[in-house]
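One structure below.
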Protein chains: 2
Amino acid sequence: MTGQQESNGGAPETVRAHVSQKRLDDALAALAQFGGRDDGGVARETLTQTDLDARRHLIACASALGCEVETDDCANLFFRRRGRTSLPPVLTGSHADTQPVGGKLDGAYGVIAGLELFAALNDAGVETLRPIEVVAWTNEEGSRFGPGAMGSSAFVEPSRLASYRAALDSDNISFGAALDAALEATPELKRRPLRQPIAACLELHIEQGPVLERAGIPLGVVTGIQSVRWYRVECTGSAAHAGTTPMEDRSDAMAAAVGIAHQLYAYAAGESSSQLRLTMGRWQVSPNSVNTIPGKVEFTVDVRCLDASALERFEQVLHQVTREYPWRGQVGVSCFFSRAPTFFPDAMVSAVERACSRVCALAGHAAPLRLTSGAFHDAMYLADHCPTAMLFVPSKGGISHNAAEETAPDELFLGAQALAYAVVELANQ
Amino acid sequence: MTGQQESNGGAPETVRAHVSQKRLDDALAALAQFGGRDDGGVARETLTQTDLDARRHLIACASALGCEVETDDCANLFFRRRGRTSLPPVLTGSHADTQPVGGKLDGAYGVIAGLELFAALNDAGVETLRPIEVVAWTNEEGSRFGPGAMGSSAFVEPSRLASYRAALDSDNISFGAALDAALEATPELKRRPLRQPIAACLELHIEQGPVLERAGIPLGVVTGIQSVRWYRVECTGSAAHAGTTPMEDRSDAMAAAVGIAHQLYAYAAGESSSQLRLTMGRWQVSPNSVNTIPGKVEFTVDVRCLDASALERFEQVLHQVTREYPWRGQVGVSCFFSRAPTFFPDAMVSAVERACSRVCALAGHAAPLRLTSGAFHDAMYLADHCPTAMLFVPSKGGISHNAAEETAPDELFLGAQALAYAVVELANQ
């Protein structure tokens with residue numbers, strides 16, 4: 001590290017100042033070509049040929065920047081820039097896969113901003129104490145193979161990989177087979193073990209919600225991730241003819257499902273103080289015919305809150321409402337996913353806040369906003385492994401998982417600058 | 001007609017006495033082979049190869065009984081037994097197509113009981129004044145090509161056929177193309193015009209509801225068919241991330257759909273005196289994902305009542321509830337099917353009741369029950385064309401459109417006897 005750079009406010013400031021908006025925009029656009037759609041969206045589900053092509057592109061970009069590229073048994077890609085020491089690295093990045101029809105920023109932005117950090121480091125001639133690694137985690141979205149965040153969660157807990165490998169997509173291709181094909185496509189990459197030591201992890205991501213936009217603030221310091229529980233509610237009655245079956249003889253699974261869902265929505269409306277979020281997003285109705293009384297209705301309940309005790313109360317209400325619903329049929333409730341809240345450590349949140357405050361002040365913006373993430377991220381699992389935090393840029397209209405997903409270029413630029421500042425600071429500790 | 005038979009209480013009684021339970025059971029089992037399933041159900045959707053094979057079987061059976069077989073532009077099959085005159089015939093029968101997974105009796109029973117009547121007439125050596133025709137209407141079920149009852153409704157109003165021909169199945173085969181193939185497969189059949197004069201029409205069918213079974217009465221005299229309206233309710237909000245979108249920012253199409261459906265169920269519960277029947281059977285949710293707030297929910301409303309004014313009141317409530325639902329999104333309501341109630345003429349109902357009473361009395365059963373049909377039948381359209389009525393046998397557990405559909409053999413036998421009695425009486429007038 002040169003004395004010249006140190007005198008300008010230190011390496012974080014120097015590197016920040018070398019972040020290029022044009023290079024960032026161009027790199028985002030180049031990655032968005034892989035699976036790009038006419039409507040501006042991106043279709044690049046994990047480990048599809050399109051995703052493999054995008055990975056090849058990222059490897060080429062990182063190699064051109066002088067990185068070593070390594071992978072692991074979950075086909076996560078690590079782009080490593082050496083430090084002055086071999087201490088555990090600071091990790092940044094996100095994921096490059098998308099929803100079946102996603103936007104060009106979700107995940108991709110965090111990976112590309114990491115590579116832009118490398119370009120800025122190179123331009124600034126800065127060598128950090130610790131190595132810095134940019135990661136592209138495999139299958140964050142979970143749309144082709146469930147659950148999501150397989151790459152980061154298997155990295156943190158390698159024993160999870162065996163069950164993940166058995167997951168099937170809708171064409172009955174296993175995640176394991178898709179992984180093996182991806183790994184065979186890059187035989188030149190060194191394969192390293194999962195669960196490497198990491199000094200600190202920072203993930204930059206679009207907010208995917210409306211909070212920053214509404215506040216008019218371009219950067220968000222993420223203090224934690226909401227707890228979440230997913231339930232399946234199964235109402236089993238009797239399918240029967242809509243015309244011939246008197247109302248009093250019915251065991252109408254849809255009437256029960258609607259009655260139960262109505263009570264749950266009403267409960268959530270009364271929980272506004274805890275900011276409980278309730279979604280009943282997926283419904284399967286059988287036989288799903290105009291003139292047949294539904295014999296079976298299954299729906300999912302997604303409930304989230306930063307306050308885990310609010311979820312505990314909700315679960316009691318869910319069991320009570322389903323147990324007491326007055327009808328002839330049966331209701332089953334099962335929890336199929338549960339995750340306690342994540343609280344990022346103070347020191348990491350402060351480092352992110354320092355970086356965001358610096359960048360906001362320089363650009364004449366209001367101070368960054370502290371907020372919590374409603375969405376899962378790879379950082380949720382990394383937080384189990386090393387000091388972790390996140391920073392957000394706004395999402396226009398709060399829209400995500402949608403071709404219309406968008407963030408203003410100058411906000412993307414601010415986010416990349418803040419990431420550069422914070423990562424370099426952490427990499428010099 | 002011989003003096004011998006007349007002296008035994010007339011031709012109706014003579015023919016009734018020649019109805020054979022064994023022949024009836026065997027004929028039902030033989031037809032159920034076409035599309036028969038291991039679970040006892042039958043999969044014989046209209047104009048499939050299985051249905052064409054079944055039609056060929058029915059033609060062979062009718063020909064063996066000495067019938068003339070004719071068809072028309074809607075591939076309805078008419079099995080004609082000559083009378084002493086060429087007066088307009090008495091028509092009976094039903095349909096031979098099934099739901100994707102239906103039972104062995106729905107429709108098939110009415111056709112086979114008609115052929116059994118012919119066998120009984122032959123055995124009894126009875127010649128009726130009028131010809132008798134047994135019909136197998138095309139596409140009563142409406143599951144492969146919508147709407148249902150195409151054959152009977154096009155028979156009554158031939159101008160409907162043009163639009164029916166354009167209907168597509170899920171493989172994009174048009175009803176017209178399927179019709180043409182069916183007609184080409186039976187080039188030997190005389191093609192006759194639609195909308196033939198008919199003296200009277202009687203349809204024997206399983207009840208498909210629980211009323212007769214609960215009353216412990218084996219025969220039902222159908223006085224009419226409920227009026228029905230079908231609506232499509234479309235709730236359009238905004239799909240968004242379940243984790244990141246605060247409750248107060250949501251435009252949740254499922255919350256709106258549940259709120260509206262809940263009010264409609266509550267209204268129907270207060271309308272028990274009018275015996276309004278309400279079913280919300282078909283739901284389409286978009287994008288139908290656990291962690292995405294539904295952006296669009298479309299559901300169908302099937303509402304039926306013998307009292308058309310109750311449906312009129314319901315429609316007003318439906319429009320009010322959907323118009324006043326308090327949310328940011330939009331609700332559209334459209335009526336896509338509507339049918340006024342059918343009231344069968346007194347003389348026809350009396351003829352059916354006379355026949356059923358005679359058969360019940362002979363078998364030591366309680367008098368037949370008058371009831372209305374909640375289901376559509378081909379007779380609903382025939383009632384626009386000629387004096388029409390129906391008779392029902394019980395359905396075990398009220399189950400229909402289901403492999404478990406069942407009626408006791410002795411009840412099927414009683415129904416066939418009553419049909420024989422009534423048709424012969426009408427055919428001699």
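Throughout, protein chains are lettered first and strands after them, A, B, ... in sequence-line order, and every chain is numbered starting at 1.
Contacts with chain B (heavy atom to heavy atom, under 4.5 Å) involve these residues of residues 264-274 of chain A, listed by number: Y265(A), A268(A).
Using a 4.5 Å cut-off between heavy atoms, F336(A) contacts chain B through its side chain alone, with no backbone atom that close. In this structure, chain B has a heavy atom under 4.5 Å from the side chain of W230(A), while its backbone stays farther away. For a residue to count as touching a neighbouring chain, one of its non-hydrogen atoms must lie under 4.5 Å from one of that chain's; by this rule R214(B) touches chain A with the side chain only. Only the side chain of Q226(B) comes within contact range of chain A, with heavy atoms under 4.5 Å apart.
Your options are S395(B), S373(B), G374(B), and the one with the most heavy-atom pairs under 4.5 Å with chain A is G374(B). Between chain A and the residues T300(B), N402(B), V258(B), the most heavy-atom pairs under 4.5 angstrom are made by V258(B). Of the listed residues I225(A), D249(A), I293(A), the one with more heavy-atom pairs under 4.5 angstrom with chain B than any other is D249(A). Put simply, of V301(B), L278(B), V285(B), V228(B), the one with the most heavy-atom pairs under 4.5 Å next to chain A is L278(B). Among G209(B), P294(B), A375(B), the residue making the largest number of heavy-atom pairs under 4.5 Å with chain A is A375(B). Chosen from A257(A), A240(A), S289(A), the residue pairing most often with chain B at heavy-atom distances under 4.5 Å is S289(A). Of the residues considered (S286(B), G397(B), G398(B), P246(B)), P246(B) shows the highest number of contacts with chain A, using heavy-atom pairs under 4.5 Å. Ranked by heavy-atom pairs under 4.5 Å with chain B, the first of E248(A), R250(A), Q284(A) is R250(A). Chosen from A255(B), A261(B), A253(B), the residue pairing most often with chain A at heavy-atom distances under 4.5 Å is A255(B).
Surrounding CD of E298(A) are more than 12 heavy atoms belonging to other residues, nucleotides or ligands, all under 6.0 Å away. Around the CD atom of E234(B), the shell of radius 6.0 Å holds more than 12 heavy atoms that belong to other residues, nucleotides or ligands.
Taking the six-membered ring where tryptophan is involved, the planes of H401(A) and H241(B) are tilted, since the angle between them lies from 30° to 60°.
N288(B) places a side-chain N or O within donor-acceptor distance of the main-chain N or O of W283(A), the cut-off being under 3.5 Å.
Atom-to-atom distance recorded for D302(B):CG and N291(A):CG is 6.0 Å, nearest 0.5 angstrom.
Residues V290(A) and F337(B) are not in side-chain contact: their nearest non-hydrogen atoms beyond the backbone lie 4.5 Å or more apart.
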- [ ] Report the C-alpha distance between T292(B) and R282(A) in whole Å, list the side-chain angles of each, state the deciding distance to 0.1 Å, and finish with yes or no for side chain to side chain donor-acceptor pair (under 3.5 Å).
- [x] CA-CA 8 Å; T292(B) 304; R282(A) 185 182 170 101; over 6 Å; no
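Minimum heavy-atom separation, E207(A) to T244(B): O-CG2, 3.7 Å. The two residues M247(A) and R277(B) come nearest to each other via the heavy atoms SD-CA, 3.8 Å.
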